[in-house]
Amino acid sequence: MPGIQWQKMAAPILVIAILAMMILPLPAFALDMLFTFNIALSMIVLLISLYTLKPLEFSVFPTVLLMTTLLRLSLNVASTRIVLLEGHTGPDAAGKVIEAFGHFLVGGNYAVGLIVFIILVLINFMVITKGAGRIAEVSARFTLDAMPGKQMAIDADLNAGLIGEDEARRRRAEIAEEADFYGSMDGASKFVRGDAVAGIIIMLINVIGGLIVGVIQHDMSFADAASRYTLLTIGDGLVAQVPALVISTAAGMVVSRVSSSSDLNEQLLSQIFSKPQAIFLSAGILTLMGILPGMPHVAFLLMGGILGGAGYWLVQQERLAMTKAQEVPPPPAPSEPEEVGWNDVAPVDRLGLEVGYRLVPLLDKGQDGELLRRIRGIRKKVAQEIGFLVPPVHIRDNLQLRPSAYRMTLKGVTIAENEIQVGKYLAINPGRVFGTIQGQATTDPAYGLPAVWIDASLREQAQTYGYTVVDAGTVIATHLSKLINEHAPELLAREETQQLLDHMAKESPKLVEDLVPKQLSLATVQKVLQNLLDEKIHIRDMRTILETLAEHASRIQDPDELTATVRVALSRAIIHEIFGGEQELQVMALEPGLENILVQALSGRGEGSVGLEPGLAERLVRETVQATERQMQAGQPAVLLISPAIRALLSRFLRRSAPMLRVISHAEVPDGKSIKVVQMIGQG
């Protein structure tokens, strides 16, 4: 506990101590220690900036920048006080550090020291700090502009089941922290620029003040006073500006870093020295320059030879790596073929995913492939949403596919096939973007939206324009999630139904025991559940479903009629899923005359015998599709309210033409809800 309290008090004590140095006089030895600490702190900050992988790993840097700037200014004030008070006593009056910088770094010549000091200030003020501030300003602006696109990408991953609530919350916090960091760096860079200006002004004040103090108070000659106080002032300025230059360099490195899995040293070595051709060409140019008359032959020829040797070594390393990659173990000796058996009959995969060889890294954890984890997340999310555990996805590579293609199968039949580009990102246009992005135009395989395959370097720009940007693995996972939801009825087989009943039997054993197989067969229960899933109704409330079936099973055995009774029992959940908590339900309805005709034509007919006159059927489909589109454009759910007698048959009939339409009956409207008919179909 005491250690924790001291940690909490460290920052306030440090700030108070820095501010106190501006007021309280310090001895020369204390100045030496503090100047040395300032230099050490600047070196530590620089080295940390070199080894960070992304800027947010050093998110406290803006505060560190402010603290170090305050420390330097406080030391300037303290050293100015002692220089003016004790400068007449000798060159070490303000401490050994200032004396060393005044003598050893500038040779004791105050004219040289003045020039060096001005050059350091100009480099710091006009080059490093100005560039770092500009980068921070632009980064802050683009980070803020890209926040909506990044938030949409997080929501897309969350809705697809690729990430959980905790991971989504962490990513949102990271985006906000990134925006705050670059905004703080934009403001903190002004501290360093102000420090450089203050350094010049302090130097001029010290020189003029030293001349006045030395000549008037201590009766020194003008030349002696100028030499003594100017040299001390230059040493004081340099000992503060050198750490300032180091800190500014660190700031520039932090804001100019691109997030990566390697630090700056690895990036420099891997990117600058990755092309032997460039090194050979540079070696040749230096060698030619060394041969020219009048040039320093030794320096140019020596450097050309060093670069040539480095290029030769890189070429040998590449050849060695290629040789190792081509080494393949000898094939095993052929064995005698075994007799054909039942093991040779391959079962059909319920749900399969086949990928080309270029997509195999997406499945390899050693190559940062997260597709397997995402597919597990999809199965978990689908189970939570619709109420049963879908069968595992059988994944395998298929050399007959195109290298970058994938294929999804259901019971051995292909239901989707597409191509993606590994290493690139898919920028999806959600309907409103603020610019065009360079890349290969395509279509989102899951929802058919216009999209563009872009390089990783354009990801931030695309998000800034409003695109939803996802990687190749997420494209496959989202497509698979959509197909699983669409084909959920076919995935609920006898085995899954039995597992669902076994799971319910742990909570309600008597209910399950009395229903299956005493009153209803497993096949009938399966058909009812499939009918519900076909109507986009989840089966999470299995207790209500089974209790309703048990109540009506003694007089109803037809799965379609049982489904209608279950829908009435689930009406509150159905209406809430469509309309939310709205009290007034805005629905579409059929013109009464048309509805009577349909009731007479469809009542008592089976699923496959919809007895409608072709012209009437075409008119019904056309007007329903138009009404559905108008509802969707108005931001309202497309719901058709009709008689219970024809609800099931008409829903199947319209499903193919208007997949977004939900058909409900009057019996499915819960008590307490009011109905408002906003469109009448068949009135024209």
Side-chain angles (χ1 to χ4, degrees), residues 384-388 485 488-489 500 504 507-508 511 515 520 525 527-556 558-592 594-596 598-599 602-603 624 627-628 630-632 634-655 658-681:
Q384 294 172 345
E385 289 181 348
I386 65 177
F388 78 96
N485 281 281
L500 191 56
M504 281 299 302
E507 300 179 0
S508 306
L511 175 61
L515 180 63
L520 293 176
V525 175
K527 182 60 178 176
V528 171
L529 298 178
Q530 287 178 331
N531 288 343
L532 293 174
L533 292 173
D534 212 19
E535 296 271 4
K536 302 296 186 292
I537 300 174
H538 66 76
I539 56 174
R540 297 196 302 268
D541 190 6
M542 278 298 296
R543 181 186 295 275
T544 300
I545 295 173
L546 296 181
E547 287 178 348
T548 305
L549 293 177
E551 180 182 352
H552 297 85
S554 59
R555 58 184 181 83
I556 302 176
D558 181 66
D560 291 337
E561 295 183 23
L562 288 172
T563 302
T565 60
V566 171
R567 283 181 60 96
V568 174
L570 297 175
S571 60
R572 192 171 302 277
I574 295 174
I575 297 302
H576 185 272
E577 183 179 357
I578 299 174
F579 293 99
E582 295 182 8
Q583 189 66 25
E584 183 182 68
L585 311 183
Q586 299 187 11
V587 300
M588 303 181 295
L590 295 178
E591 191 273 329
L594 175 61
E595 186 168 2
N596 290 333
L598 294 177
V599 170
L602 302 179
S603 295
T624 303
T628 300
R630 287 194 292 269
Q631 282 291 96
M632 300 298 293
Q636 295 291 333
V639 180
L640 178 62
L641 181 65
I642 58 174
S643 169
I646 60 173
R647 194 215 65 82
L649 289 175
L650 198 60
S651 176
R652 296 191 188 100
F653 178 68
L654 297 173
R655 189 176 304 157
M660 301 302 295
L661 177 68
R662 302 291 292 271
V663 183
I664 63 174
S665 70
H666 296 280
E668 296 170 3
V669 179
D671 295 337
K673 298 287 186 180
S674 60
I675 297 174
K676 179 181 179 181
V677 178
V678 295
Q679 292 193 68
M680 190 70 71
I681 299 175

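Keep in mind it's a predicted model, so treat the numbers as computed, not measured.
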Taking C-beta and beyond as the side chain, do [X] and [Y] meet within less than 4.5 Å on heavy atoms?
| X | Y | result |
| --- | --- | --- |
| E385 | N485 | yes |
| I537 | V566 | no |
| L650 | L640 | yes |
| F388 | L533 | yes |
| V587 | V669 | no |
| I545 | V525 | no |
| V639 | L585 | no |
| L500 | I539 | yes |

Exercise. May I have all residue pairs that pass salt bridge (charged side-chain N to carboxylate O under 4.0 Å, His left out) and include part of residues 637-651, sequence neighbours excluded?
Key: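 Only E535-R647, R647-E668 qualify under salt bridge (charged side-chain N to carboxylate O under 4.0 Å, His left out).
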
In Å, rounded to the nearest 0.5 Å, how long is the span from [atom1] of [X] to [atom2] of [Y]?
| X | Y | atom1 | atom2 | result |
| --- | --- | --- | --- | --- |
| S554 | L520 | OG | CG | 9.5 Å |
| I642 | M588 | CD1 | CE | 10.5 Å |
| E577 | I575 | CD | CD1 | 10.0 Å |
| L661 | L654 | CG | CG | 6.0 Å |
| Q636 | I578 | CD | CD1 | 12.5 Å |
| L549 | T565 | CG | OG1 | 6.5 Å |

Taking all non-hydrogen atoms of both residues, which atom of [X] and which atom of [Y] are closest, and how far apart?
| X | Y | answer |
| --- | --- | --- |
| S643 | S665 | C-CB, 4.3 Å |
| P489 | Q530 | O-NE2, 3.0 Å |
| V568 | A667 | CG1-O, 3.8 Å |
| V528 | P559 | CG2-O, 3.8 Å |

Quiz item: Is the number of heavy atoms from other residues, nucleotides or ligands under 6.0 Å of H666 NE2 greater than 12?
Solution: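 More than 12 within 6.0 Å, yes.
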
Who passes side chain to side chain contact (heavy atoms under 4.5 Å, CB included) against [X], sequence neighbours left out?
| X | result |
| --- | --- |
| A648 | R652 |
| R543 | M504, E507, S508, D541, E547 |
| D558 | D560, E561 |

Counterpart residues, side chain to side chain donor-acceptor pair (under 3.5 Å), relative to [X] (two or more places apart):
| X | answer |
| --- | --- |
| Q679 | R630, Q631 |
| E595 | none |
| T548 | none |

Quiz item: Stepwise, does the side-chain contact (heavy atoms from CB on, under 4.5 Å) test hold for M542 with L529?
Solution: CA-CA 10 Å; M542 278 298 296; L529 298 178; 4.0 Å; yes

Could you list the residues that satisfy salt bridge (charged side-chain N to carboxylate O under 4.0 Å, His left out) with [X], not counting sequence neighbours?
| X | value |
| --- | --- |
| R662 | none |
| D534 | R655 |
| R572 | none |

